[in-house]
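Remarks on the structure that follows.
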Amino acid sequence: MELIIGWLYPNLMSTYGDRGNVICLQRRCQWREIEVKVVSLDRQTDTTQFARVDLIVGGGAQDRQQEIVMRDLKGAKAEALREKIESGTPGVFTCGSPQLLGHYYEPALGQRIEGLGLLDLVSKHPGIDAPRCIGNVVFEITASPLAEELQAILGTKPVVIGFENHGGRTYLGKVEPLGKVIKGYGNNGEDGTEGAFYRHAIATYSHGPLLPKNPFLADWMITKAWQQKYQTDLILTKLEDSLAIAARQAMLHRLELYNLIATI
Ligand code: GLN
């Protein structure tokens, strides 16, 4: 029994340490003696590989790389990815990746990049003179049923701490936001939403990398992947996460969010 992590375009989409999300999933499985394999889903990959994966990780990318990815992620590959997400395969998609899962991304320069249209959202860069959205970001997960499931595990409301760096602004259609911003910009710096949640796909502007900083999300993904693949529940043993917790507390101190410190 094993879980297979599919890593989307590792050479093109892995800004701001997003590979840490892959390493985090891999290590948290290994520490519990769950066999795990990482496969690249990229330009060299045969479409059939897309169907094999149990977890998907997609990182951030610069505008130029996003264009290259979208030229490749068409036809059968796009369908295979769509099929995976629609069927409930858990995934974490950061920054440039959610932009590609939406209807389109308009870069600061050049042509609109058509997305997969899997998430009902659009992303637009307001232009090269517009300031980027950069900094530490804190948000509460509100998407249902994810928020309730995490609350049951944590015993407190799920608060995510990350780091964002994006020029594009994302506007949601009917898709549910992942959460509401407590500190930072989130999707667009205007409406207080951050990310999107669809089936078991977590879309976010939060690098961090996200999962090592918020390990409860990694465990949620592993549990879901197991249930999805083997149709049985997986009870995860608790890991020693004191360093991650201390890092989260340090960041809440730095951001002067003292009221949240007791909740993590
Ligand atoms: N190119 C996108 C933007 O600037 C995504 C950047 C990223 O993934 N970090 O909005």
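Heavy atoms only: backbone and side chains are in, while hydrogens, waters and symmetry mates are out. Counting convention: from 1, in listed order, for ligands and their atoms alike. Position 1 is the first residue of the sequence; numbering continues from there. Small disclaimer: the values here were computed from a predicted structure and weren't measured.
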What I want to find out is whether [X] reaches [Y] closely enough, with some N-O distance under 4.0 Å, to be called a salt bridge.
{"X": "K180", "Y": "E194", "result": "no"}
{"X": "E79", "Y": "R82", "result": "yes"}
{"X": "R32", "Y": "D219", "result": "yes"}
{"X": "K224", "Y": "D54", "result": "no"}
{"X": "D72", "Y": "R43", "result": "no"}

Run the numbers for me: atoms of ligand 1, each under 4.0 Å from some heavy atom of [X], listed by number.
{"X": "Y16", "value": "9 (N)"}
{"X": "Q66", "value": "1 (N), 2 (C), 5 (C)"}
{"X": "H207", "value": "9 (N)"}
{"X": "G60", "value": "8 (O)"}
{"X": "H166", "value": "4 (O), 10 (O)"}
{"X": "R132", "value": "4 (O)"}
{"X": "D63", "value": "1 (N), 2 (C), 3 (C), 4 (O)"}

Proximity to ligand 1 by part of T94, non-hydrogen separation under 4.0 Å: neither

Part of H125 within contact of ligand 1 (heavy atoms, under 4.0 Å): neither

Step-by-step side-chain hydrogen bond (donor to acceptor under 3.5 Å, both in side chains) determination, D18 to H207: CA-CA 6 Å; D18 286 338; H207 303 277; 2.9 Å; yes

Flag side-chain contact, heavy atom, 4.5 Å: K183 against L257: yes

Residue pair P98 / Y105, side-chain heavy-atom distance below 4.5 Å: no

Test item, Q65 contacting ligand 1 (heavy atom, 4.0 angstrom): no

Contact check, R169 vs ligand 1, heavy-atom distance below 4.0 Å: no

Return the closest protein heavy atom for [atom] as residue, atom name and distance.
{"atom": "atom 5 (C) of ligand 1", "value": "A61 O, 3.2 Å"}
{"atom": "atom 4 (O) of ligand 1", "value": "G167 N, 3.0 Å"}
{"atom": "atom 7 (C) of ligand 1", "value": "C95 SG, 2.9 Å"}
{"atom": "atom 10 (O) of ligand 1", "value": "G168 N, 2.7 Å"}

Ligand 1 to Q99 polar contact by distance, N or O atoms, under 3.5 Å: yes

Plane angle bin for H253 and Y258 - parallel if under 30°, tilted between 30 and 60°, otherwise perpendicular: perpendicular

Donor-acceptor side-chain pairing of D120 and H103 below 3.5 angstrom: yes

